[in-house]
Amino acid sequence: MAGGGFSKLPNGSVVVAITLPSPAESAGPGTPVRVLVHAGNRARALTRLRNLGLRAVYLRGNAEPPTPDEITAVLHHPDGLLWRARPERAQELWHPIRALLRPAVAAGQV
């Protein structure tokens, strides 16, 4: 089960943070990733993730809400969708969601 949480912002929108097993090799096999989504409400945030192919994403409770630094990062990103491996690499920079879901290119193919 994925851990996560949300924070409601003063303008009524929310930032959802959820920890998932890595859906792609870009984060490393078996490495959990922290995904941040900015949306109008919690349901819409989860729908944005499901539309990207992460079908079994659910938010149960508010055990791991986003930190102020995470909220700042996602609000300053034009897509409002970010990820990074956690917790092993806390100093790692945030990546756009496209980098996580990009199909891996086989060796020798360009």
Side-chain angles (χ1 to χ4, degrees):
M1 182 166 90
F6 67 95
S7 288
K8 191 163 185 164
L9 302 177
N11 66 359
S13 64
V14 297
V15 174
V16 172
I18 193 161
T19 304
L20 304 168
S22 177
E25 293 296 319
S26 57
T31 303
V33 294
R34 179 85 161 171
V35 179
L36 301 175
V37 184
H38 178 234
N41 58 47
R42 283 182 290 170
R44 182 62 189 141
L46 296 175
T47 300
R48 288 184 74 187
L49 290 174
R50 291 181 187 129
N51 288 343
L52 292 170
L54 303 172
R55 298 287 182 218
V57 176
Y58 296 96
L59 183 62
R60 293 184 176 97
N62 199 16
E64 297 178 29
T67 65
D69 290 339
E70 291 175 333
I71 293 171
T72 301
V74 76
L75 289 177
H76 284 87
H77 192 271
D79 293 338
L81 276 162
L82 299 173
W83 72 275
R84 77 172 170 193
R86 75 167 280 271
E88 302 85 27
R89 296 180 242 162
Q91 70 275 10
E92 180 184 2
L93 297 176
W94 290 97
H95 307 283
I97 199 72
R98 292 181 304 271
L100 181 65
L101 302 175
R102 179 178 326 156
V105 177
Q109 294 181 354
V110 177

What about V35 and V57, same hydrophobic cluster or not, with Ile/Leu/Val/Met/Phe/Trp/Tyr joined at side-chain heavy-atom distances under 4.5 Å?
yes

For residues V15 and W94: do they belong to one hydrophobic cluster (side chain heavy atoms under 4.5 Å, members Ile, Leu, Val, Met, Phe, Trp, Tyr)?
yes

Same cluster for V33 and I18 if Ile/Leu/Val/Met/Phe/Trp/Tyr side chains link at under 4.5 Å?
yes

Hey, are the side chains of V37 and L49 touching, using non-hydrogen atoms and a 4.5 Å cut-off?
yes

Residue pairs fulfilling salt bridge (charged side-chain N to carboxylate O under 4.0 Å, His left out) with at least one residue in residues 7-16, sequence neighbours excluded
none

Can you list everything that forms a side chain to side chain contact (heavy atoms under 4.5 Å, CB included) with D69? Sequence neighbours excluded, please.
T67

In chain order, what residues pass the side chain to side chain contact (heavy atoms under 4.5 Å, CB included) check against R42, with sequence neighbours excluded?
F6, V14, V16, L59

List in chain and number order the residues that pass side chain to side chain contact (heavy atoms under 4.5 Å, CB included) with H76, two or more places apart in sequence or in another chain; answer none if no residue qualifies.
T72

Taking all heavy atoms of A39 and all of S13, pick out the closest pair and write down the distance.
O-CB, 3.3 Å

Can you list everything that forms a side chain to side chain donor-acceptor pair (under 3.5 Å) with D79? Sequence neighbours excluded, please.
R98

Between H95 and L82, does the side-chain contact (heavy atoms from CB on, under 4.5 Å) criterion hold? Intermediate values first, please.
CA-CA 6 Å; H95 307 283; L82 299 173; over 6 Å; no

If we only count heavy atoms from C-beta on, is the R84 to L93 side-chain gap below 4.5 Å?
no

Could you check whether any side-chain heavy atom of E64 comes within less than 4.5 Å of a side-chain heavy atom of T19, counting everything from C-beta outward?
yes

W83 side chain to P96 backbone, donor-acceptor under 3.5 Å
yes

List the residues meeting side chain to side chain contact (heavy atoms under 4.5 Å, CB included) with A17, not counting sequence neighbours, and say none if there are none.
R34, L36, P66, E70

